[in-house]
Amino acid sequence: QVQLVESGGGLAQPGGSLRLSCAASGRTLSRAAMGWFRQAPGLEREFVAAISWNDYIIYTYYSDSVKGRFTISRDNAKKTVYLQMNSLKPEDTAIYYCAATLVVRTGQALANLNEYDYWGQGTQVTVSS
């Protein structure tokens, strides 16, 4: 089992920045994929960014809506994945969820929420002036 806890959400102004963290506990994540998804009121949960890794590579993947503004990264020693969000827009307002799978995937598969086995409780991000 893998437990995920998100933190770092809050209120930001348009053009501002926030950094989300997702701390994992439980099983060792030596090879895994972790992603961020978000869900705004009345809308379906959508993919934001993901990172996957094994002994040889680290692979990142972004939705078109955040590419160039958001950066996903990981700290292996802390078993934590980060989402640095810059140039925030009001349409980024949503609950952000962290997800993980022990299957290393790349490409479009990372954007499919059904590929993930473990989910956090979510953290609210509000972008407003």
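Quantities reported herein were computed from a predicted structural model and do not represent experimental measurements.
A donor-acceptor pair under 3.5 Å is formed between the side chain of N54 and the backbone N or O of I57. A donor-acceptor contact shorter than 3.5 Å links the side chain of R69 to the backbone of S87. Distance alone, capped at 3.5 Å, is enough to place a donor-acceptor pair between the T93 side chain and the V127 backbone.
Between G9 and L20 the shortest heavy-atom distance is N-CD2, 3.6 Å. Across all their heavy atoms, D75 and Y82 have their closest contact at CB-CE1, 3.8 Å. Residues S52 and A33 approach most closely at CB-CB, 3.7 Å, considering heavy atoms.
Every residue two or more places apart in sequence or in another chain that forms a side chain to side chain contact (heavy atoms under 4.5 Å, CB included) with N112 is listed here: N114, E115. Every residue meeting the side chain to side chain contact (heavy atoms under 4.5 Å, CB included) condition with L4, not counting sequence neighbours, appears here in chain and number order: V2, C22, A24, M34, C98, A100, Y118.
Counting only heavy atoms from C-beta outward, the side chains of V48 and Y62 never approach each other to under 4.5 Å. Here the side chains of R45 and I95 are not in contact, with every heavy-atom distance at 4.5 Å or above. Contact of the M85 side chain with the V125 side chain is registered, since non-hydrogen atoms from C-beta on lie closer than 4.5 Å. Contact check for F70 versus L83: side-chain heavy atoms found under the 4.5 Å cut-off.
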_Using side-chain hydrogen bond (donor to acceptor under 3.5 Å, both in side chains), reason through S128 and T126 one step at a time and then give a plain yes or no._
CA-CA 6 Å; S128 174; T126 303; over 6 Å; no

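Y116 and Y96 fall into different hydrophobic clusters, defined by Ile, Leu, Val, Met, Phe, Trp and Tyr side-chain heavy atoms under 4.5 Å apart, directly or through other members. Residues I51 and L102 share a hydrophobic cluster, clusters being chains of Ile/Leu/Val/Met/Phe/Trp/Tyr side chains in contact below 4.5 Å. At a threshold of 4.5 Å between side-chain heavy atoms, the hydrophobic network of Ile, Leu, Val, Met, Phe, Trp and Tyr places L110 and V81 in two separate groups. No single ILVMFWY cluster, assembled from side-chain heavy atoms under 4.5 Å apart, contains both Y97 and I72. Under the 4.5 Å side-chain heavy-atom criterion for Ile, Leu, Val, Met, Phe, Trp and Tyr, V103 and W36 are members of distinct hydrophobic clusters.
Expressed to the nearest 0.5 Å, how far CG of N86 lies from CG of L88 amounts to 7.0 Å. Put simply, OG on S21 and CD on Q84 are 9.5 Å apart, with the number rounded to the nearest 0.5 Å.
The distance between the ring centers of F47 and F37 falls below 6.0 angstrom.
Look at K67 and D64 and you find a salt bridge, because one of the NZ, NE, NH1 or NH2 atoms lies within 4.0 Å of a carboxylate O, short of that distance.
Here the rule is salt bridge (Lys or Arg N to Asp or Glu O under 4.0 Å) with R38, and of E91, E44, E46 only E46 fits it.
Geometric assessment of R74 against the ring of W53 yields a positive cation-pi assignment under the 6.0 Å and 45° thresholds.
For the residue pair D117/T101, the side-chain donor-acceptor check at 3.5 Å is satisfied.
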